[in-house]
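Okay, so here's the structure we're looking at.
Values reported hereafter were calculated over all heavy atoms of this structure, with side chains retained and with hydrogens, waters and symmetry mates removed. Ligands are counted one by one from 1 in listed order, and the atoms in each one are counted from 1 as well.
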Amino acid sequence: MSTPMPRPIEALIHTPSLAHNLERARQAAPDARIWAVVKANAYGHGIERAFDGLRAADGFALLDLAEAQRLRALDWRGPILLLEGVFEPRDLELCSRLNLWHTVHCDAQIDWLAHHKTHSPHRVFLKLNSGMNRLGFRPDAWRAAWARLNALPQVDEISLMTHFADADLPDGTRAPLALFDRHARGLSGERSLPNSAALLREGHGSLGFAQGSVAGADWVRAGILLYGSSPDHPAHDIRHWGLRPTMTLRTRLIGTQDLQPGDRVGYGSTFTAPQPMRIGIAACGYADGYPRHAGTGTPVLVDGHRTRTVGRVSMDMLAVDLSALPSERAGSAGLGSEVTLWGEGPGGSILPIDDVAQAAGTIGYELMCALAQRVPVQTVS
Ligand SMILES: *Cc1c(COP(=O)(O)O)cnc(C)c1O
């Protein structure tokens with residue numbers, strides 16, 4: 001017996017586009033080293049699949065120890081940084097064994113290090129809470145933490161880091177950066193501050209913002225920009241930043257319907273045809289990771305042409321408006337037509353994931369991380 005054909009849905013991971021976006025990060029911070037942030041399974045792309053496109057990075061940053069092991073299994077011998085540090089004392093053994101650098105953000109993590117038996121001292125990134133109030137030492141406790149670490153034989157080099165809450169907003173890094181500079185004065189160690197938003201907005205060839213966080217950074221932490229989503233959408237889109245989509249989600253039309261005025265579409269009958277129109281039914285739903293909150297009007301490509309969804313997204317299907325296609329296309333679109341939910345469509349067409357995210361009231365990060373297990377993934381090199 002032959003294996004059954006799967007549903008027509010699939011995701012593509014574009015290796016050359018990952019490499020292109022990494023190169024964009026380099027242009028923005030030519031003098032810094034780049035952490036490729038690959039947490040959450042490389043933002044839903046798959047660490048093993050993304051690795052080829054990102055191997056020119058100087059290091060990989062993530063927070064799950066099992067993901068760090070997977071990177072070492074790919075034979076990555078370079079730096080790996082645990083962005084949240086260790087979660088319990090025995091994690092330090094894995095850090096010693098796999099040579100993982102780790103963030104230190106609280107006193108308990110220093111206590112654990114002080115009791116850790118190791119032959120090779122650890123490289124740590126000491127984190128300042130610069131106002132986000134997620135992880136990190138408060139400014140008045142940060143220097144004392146540095147001194148404690150500096151006295152430990154278990155610690156080799158100490159680097160200094162903080163994370164910006166508002167780097168996607170005008171002037172968003174000014175106050176935390178000033179705080180960081182004030183409290184880091186006189187402390188030795190490499191600096192790691194910018195995320196994607198700070199890197200693009202304040203880096204080399206940027207909009208001309210402060211440039212402080214990037215100019216002073218030894219290590220930048222590039223996440224979302226690598227995956228072809230703009231960190232400050234909708235202020236700027238990926239075209240503005242010269243980024244390319246790295247994930248495509250595509251499927252085909254498995255049905256069509258000709259609607260009369262007053263006909264409704266989908267669960268809850270939330271869409272009513274105002275005039276005669278044709279819709280297509282695409283084999284993609286929320287069980288594939290497509291956002292259920294994307295209402296009527298969410299952009300979608302049919303055969304590379306932009307149109308909109310209509311009605312509610314169901315588990316396995318969604319409806320697209322074929323009458324809204326350019327007139328010469330509307331007639332030919334039908335069963336089997338290619339539907340691009342986000343990413344690269346046929347004929348060089350592009351639907352940025354950010355456009356879909358915005359229509360669903362979320363961000364590109366969430367959509368790419370939520371790609372469902374049941375969607376087959378292919379790597380395009
Ligand atoms: C996720 C993360 C980053 C990367 O953020 P992007 O907005 O995706 O660039 C950088 N630093 C830390 C501490 C993070 O958790």
Side-chain angles (χ1 to χ4, degrees), residues 18 21-22 24-26 28-29 32-45 47 50 54 57-65 67-68 79-87 100-106 109 124-137 159-169 172-173 176-177 180 190-203 206 213-214 217-238 241 243 245-247 352-354 357 362-370:
L18 286 161
N21 294 341
L22 176 63
R24 282 290 297 122
R26 283 237 182 268
R33 273 161 296 160
I34 298 179
W35 289 115
V37 182
V38 292
K39 62 191 182 192
N41 202 20
Y43 290 52
H45 288 58
I47 288 191
L54 299 177
D58 299 291
F60 289 89
L62 40 69
L63 42 90
D64 182 320
L65 284 95
E67 291 186 343
I80 295 178
L81 173 64
L82 297 176
L83 288 167
E84 297 179 354
V86 295
F87 302 101
L100 308 180
W101 302 0
H102 48 102
T103 300
V104 171
H105 63 74
C106 66
Q109 289 178 326
V124 296
F125 279 64
L126 181 62
K127 186 163 188 178
L128 171 74
N129 169 10
S130 56
M132 189 174 192
N133 286 305
R134 211 171 54 173
L135 297 180
F137 290 89
S159 302
L160 306 175
M161 77 184 280
T162 194
H163 190 52
F164 298 123
D166 299 317
D168 53 329
L169 302 176
T173 63
L177 191 58
F180 181 92
E190 293 188 332
R191 268 75 169 149
S192 176
L193 295 93
N195 55 4
S196 296
L199 179 56
L200 290 176
R201 292 172 66 93
E202 300 175 22
S206 72
S213 68
V214 172
D218 300 292
W219 288 91
V220 297
R221 304 188 302 273
I224 195 70
L225 79 86
L226 299 176
Y227 305 101
S229 166
S230 170
D232 64 349
H233 186 84
H236 302 99
D237 61 14
I238 54 170
W241 295 125
L243 302 171
T246 59
M247 178 193 284
I353 197 169
D354 298 325
T362 183
I363 51 179
Y365 298 72
E366 188 179 19
L367 296 191
M368 55 180 79
C369 289

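- Under the 3.5 Å distance criterion, with hydrogens and angles disregarded, no donor-acceptor pair is assigned to the side chains of His163 and Ser130.
- Protein heavy atom nearest atom 12 (C) of ligand 1, with residue, atom name and distance: His163 CE1, 3.4 Å.
- Interface atoms of ligand 1 facing Arg221, defined by a heavy-atom separation under 4.0 Å, are 9 (O), 10 (C), 11 (N), 12 (C), 13 (C).
- Rounding to the nearest 0.5 Å places CZ of Arg221 at 8.0 Å from CG of Leu81.
- With no hydrogens or angles considered, a side-chain donor-acceptor pair links Trp241 and Asp232 at under 3.5 Å.
- Contact of the Leu226 side chain with the Leu54 side chain is registered, since non-hydrogen atoms from C-beta on lie closer than 4.5 Å.
- Thr173 and Glu202 are linked by a side-chain donor-acceptor pair at a separation below 3.5 angstrom, with hydrogens and angles left out of the test.
- Less than 4.0 angstrom separates some heavy atom of Ser196 from each of these atoms of ligand 1: 6 (P), 9 (O).
- On a distance-only criterion, Tyr365 and ligand 1 share at least one N/O pair closer than 3.5 Å.
- Heavy atoms of Tyr43 approach ligand 1 to within less than 4.0 angstrom.
- Between Ile224 and ligand 1, at least one N/O pair is under 3.5 Å apart.
- Between Pro231 and Asp168, every side-chain heavy-atom pair lies at or beyond the 4.5 Å cut-off.
- In this structure, atom 1 (C) of ligand 1 lies nearest to the protein heavy atom Lys39 NZ, 1.4 Å.
- For ligand 1, the polar-atom distance check against Gly223 finds a nitrogen or oxygen pair separated by under 3.5 Å.
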